[in-house]
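If you're wondering where the values come from, they're calculated on a predicted model, not measured in any experiment. Within every chain, numbering begins at 1; the chains are lettered A, B, ... in the order of the sequence lines, protein sequences first and strands thereafter.
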Amino acid sequence: MEIETTWGSIVVELLDGKVAGCTLPFLSTQPDQPFSIANGGDDPVSAFVAAVFSGKNARLPALAELKGTGFQQQVWREIAKIPSGQIKTYGELAAAIGSPKAARAVGSACGRNPVPLFIPCHRVKGANAQLGGFSAGLPWKRLLLEVEDAT
DNA sequence: GGCGCCGTCTTCT
DNA sequence: AGAAGACGGCGCC
């Protein structure tokens with residue numbers, strides 16, 4: 001399915017009614033246009049996406065099995081537990097998994113997250129409040145952190 | 001504060 | 001094997 005926003009359309013791949021993939025248009029710079037999302041979905045998926053962009057917590061829709069290495073799965077599982085408005089650092093996640101020094105590897109795993117928004121990798125910052133990066137471009141990350149009042 | 005180097009761990013060539 | 005990455009820490013200007 002596809003969700004229209006002023007920043008481009010968000011594509012969500014569904015498999016068996018479960019979320020299998022999510023793609024945002026890449027933005028290297030923040031658009032002049034203010035962000036707004038076309039509301040209209042009464043299905044759980046668009047409801048969730050709308051909630052994310054308004055900084056609210058919503059129940060995560062069913063996710064298809066995410067393909068990735070064991071390490072990546074651990075990282076994603078850990079990230080999925082971060083509630084809206086809360087920030088964790090790459091180092092904290094690494095420690096939570098059991099390898100406190102694997103922060104860099106954690107960053108790699110985030111970048112390969114197949115379902116941004118559903119696995120809130122935007123709530124992960126560097127240890128010194130650095131933003132790090134974002135698969136679809138930092139403007140998205142900034143936007144999300146802002147609506148969640150977690151900058 | 002900003003820049004660069006080295007250590008660390010996983011993944012891709 | 002070798003290189004690279006959404007890191008972290010330390011030393012230096």
Side-chain angles (χ1 to χ4, degrees), chain A residues 1-3 5-15 18-37 45-46 48-151:
Chain A
M1 62 176 293
E2 210 160 320
I3 300 173
T5 83
T6 51
W7 283 16
S9 45
I10 300 171
V11 181
V12 179
E13 294 173 39
L14 295 175
L15 208 65
K18 297 188 288 191
V19 179
C22 174
T23 314
L24 286 69
F26 179 82
L27 298 174
S28 49
T29 61
Q30 173 150 350
D32 293 327
Q33 218 167 146
F35 176 87
S36 87
I37 185 170
V45 172
S46 31
F48 176 82
V49 172
V52 169
F53 280 105
S54 45
K56 295 187 295 194
N57 256 321
R59 197 183 81 57
L60 196 63
L63 297 186
E65 188 176 338
L66 302 177
K67 168 182 157 35
T69 68
F71 181 81
Q72 292 170 335
Q73 308 252 13
Q74 290 184 74
V75 175
W76 298 335
R77 212 173 22 259
E78 225 24 70
I79 296 177
K81 298 198 283 202
I82 310 177
S84 175
Q86 258 204 34
I87 297 302
K88 274 197 192 286
T89 68
Y90 297 101
E92 284 171 341
L93 289 175
I97 290 171
S99 311
K101 294 175 234 167
R104 194 160 190 175
V106 169
S108 267
C110 291
R112 295 177 179 75
N113 168 17
V115 286
L117 302 188
F118 297 89
I119 303 274
C121 45
H122 58 275
R123 298 184 190 133
V124 185
K125 289 193 305 195
N128 23 351
Q130 295 300 299
L131 248 67
F134 194 67
S135 44
L138 281 90
W140 291 106
K141 190 165 181 173
R142 291 201 210 91
L143 169 69
L144 292 164
L145 290 176
E146 188 175 338
V147 296
E148 294 180 7
D149 196 36
T151 55

- Message: Testing the basics here: between A:Cys121 and A:Asn113, what is the closest heavy-atom pair and its distance to 0.1 Å?
- Response: SG-ND2, 3.3 Å

- Answer with base, sugar-phosphate or nothing: what part of the nucleic acid does A:Gly111 contact at a heavy-atom distance below 4.0 Å? base

- Rounded distance (Å) that lies between atom C1' of B:dG1 and atom CD of A:Gln130: 11 Å

- Message: Quick check on side-chain contact (heavy atoms from CB on, under 4.5 Å): which of A:Ile3, A:Val45, A:Val115 does A:Cys22 satisfy it with?
- Response: A:Val115

- Is the backbone of A:Ile82 close enough, under 3.5 Å, to the side chain of A:Arg123 for a donor and an acceptor to pair up by distance? yes

- Any pair with a residue in residues 93-136 of chain A that passes ring pair (Phe, Tyr, Trp, His ring centres under 6.0 Å), sequence neighbours left out, goes on the list, sorted by first then second residue, please. A:Phe48-A:Phe118

- Could you check how far CZ of A:Phe26 sits from P of C:dA6, rounded to whole Å? 11 Å

Could you pull out the protein-nucleic contacts involving nucleotides 2-9 of chain B (nitrogen or oxygen on both sides, under 3.5 Å)?
unit_1	atom_1	unit_2	atom_2	d
B:dG7	O6	A:Arg104	NH1	3.1

- Message: Regarding A:Glu78 and A:Lys88, does a basic nitrogen lie under 4.0 Å from an acidic carboxylate oxygen?
- Response: no

- Item | Whole-Å distance separating the NZ atom of A:Lys125 from the C1' atom of C:dG8 | 16 Å

- Whole Å only: how far is the CG atom of A:Leu93 from the P atom of C:dA6? 16 Å

- Message: Rounded to whole Å, how long is the line connecting atom CD of A:Gln72 with atom P of B:dC12?
- Response: 6 Å

Side chains of residues 53-65 of chain A: which donor-acceptor pairs under 3.5 Å do they make with residues two or more places apart or in other chains?
unit_1	atom_1	unit_2	atom_2	d
A:Ser54	OG	A:Ala50	O	2.9
A:Ser54	OG	A:Ala51	O	3.0
A:Asn57	OD1	A:Ser84	N	3.2

- Note on the structure: Stems of at least 3 consecutive Watson-Crick or G-U wobble pairs (donor-acceptor distances under 3.5 Å) involving DNA chain B, listed by first number, are B:1-7 with C:7-13, B:9-13 with C:1-5

Only distances under 3.5 Å count here; give the side-chain donor-acceptor pairs of residues 93-107 of chain A to other protein atoms, sequence neighbours excluded, each with its distance to 0.1 Å.
none

- Item | A:Asn113 CG to C:dA6 P, straight-line distance once rounded to whole Å | 14 Å

- Message: Rounded to whole Å, how long is the line connecting atom CG of A:Asn128 with atom P of C:dC7?
- Response: 10 Å

- Query: Starting at CD of A:Glu92 and ending at C1' of C:dG8, how long is that distance when rounded to a whole Å?
  - Reply: 13 Å

- For A:Phe71 and A:Ala109, work out which heavy atoms get closest and say how close. CE2-CB, 4.3 Å

- Query: Which residues satisfy the ring pair (Phe, Tyr, Trp, His ring centres under 6.0 Å) test with A:Trp7, sequence neighbours excluded?
  - Reply: A:Phe35, A:Trp140

